[in-house]
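To keep things clear, I will list the structure first and then write my remarks on it.
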Amino acid sequence: TGWGRSVVGNNLFGIKAGPSWTGGKVEAATHEYENGEMVGIVDAFRSYPSAEASVADFVSLVANNPRYRAALGAGENVAAYAHGLLSGGWATDVDYAHKLQTVATSPSLAAATGAAASVPSSGVGPPVSLIPASFTVPSR
């Protein structure tokens, strides 16, 4: 979402509205990588009534789609989680996993969550939960 600058329809994770999506939709400009080249497109994205609904849908999508099992099996390993999402087809950007790791280990996120911002020489910092411990997935 361009570090939050391109959030449309309360869609915090940029989840596209595929043919099976029956909820709200919003058309927005985005980019995809095709054959290693970034191209601009307009696509349909899921729209939510709130940021909380966006988080709930993301959690449900990742938890219930077998494509993302590798991400779920990563435990608190941010790098493995990011690579699991990427291998499941979450993004077309081959640098997505690195970008997600950068966000997870950023001092800004550490300050926002109260976590220590310690990044070892490997460039991979401690895991940071992006979902509050008190969050539960609403029943549908």
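The two residues Leu86 and Asp93 come nearest to each other via the heavy atoms CD1-O, 3.6 Å. A pairwise comparison of heavy atoms in Leu72 and Val62 identifies CD1-O, 3.5 Å as the closest pair. Taking each heavy atom of Ala70 and Ser87 in turn, the nearest pair found is CB-OG, 4.4 Å.
For the pair Arg46/Asp57, a side-chain contact is recorded, criterion being any heavy-atom separation below 4.5 Å from C-beta on. In this structure, Phe13 and Val7 have side chains that are not in contact, with every pair of non-hydrogen atoms separated by 4.5 Å or more. Residues Ile41 and Thr30 meet the side-chain proximity criterion, which asks for heavy atoms closer than 4.5 Å. The shortest side-chain heavy-atom distance between Lys16 and Lys25 does not fall under the 4.5 Å cut-off.
Put simply, the side chain of Asn64 gets close to the backbone of Ser60: a donor and an acceptor are under 3.5 Å apart. Formation of a donor-acceptor pair under 3.5 Å by the Asn35 side chain with backbone atoms of Glu37 is not found in this model. Within the 3.5 Å criterion, the main-chain N or O of His98 finds no donor-acceptor partner in the side chain of Asp95.
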- In sequence, state the C-alpha distance, the side-chain angles, and the governing distance for Tyr96 and Leu100, and then conclude on side-chain contact (heavy atoms from CB on, under 4.5 Å). CA-CA 6 Å; Tyr96 175 79; Leu100 189 58; 4.0 Å; yes

- Message: Checking Phe58 against Trp90 for the ring-ring contact (aromatic ring centres under 6.0 Å, His included) test, could you report, in this order, the C-alpha distance in whole Å, the side-chain angles of both residues, the deciding distance, and whether it holds?
- Response: CA-CA 11 Å; Phe58 171 79; Trp90 186 265; 5.3 Å; yes

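Distance check, rounded to the nearest 0.5 Å: OG of Ser50 to CG of Asn10 gives 6.5 Å. In this structure, the separation between OG1 on Thr92 and NE2 on His31 is 7.0 Å, given to the nearest 0.5 Å. Atoms CZ and CD, from Phe45 and Glu27 in turn, are 9.0 Å apart once rounded to the nearest 0.5 Å.
Counting only N and O atoms by type, the side chains of Asn11 and Tyr48 include no donor and acceptor under 3.5 Å apart.
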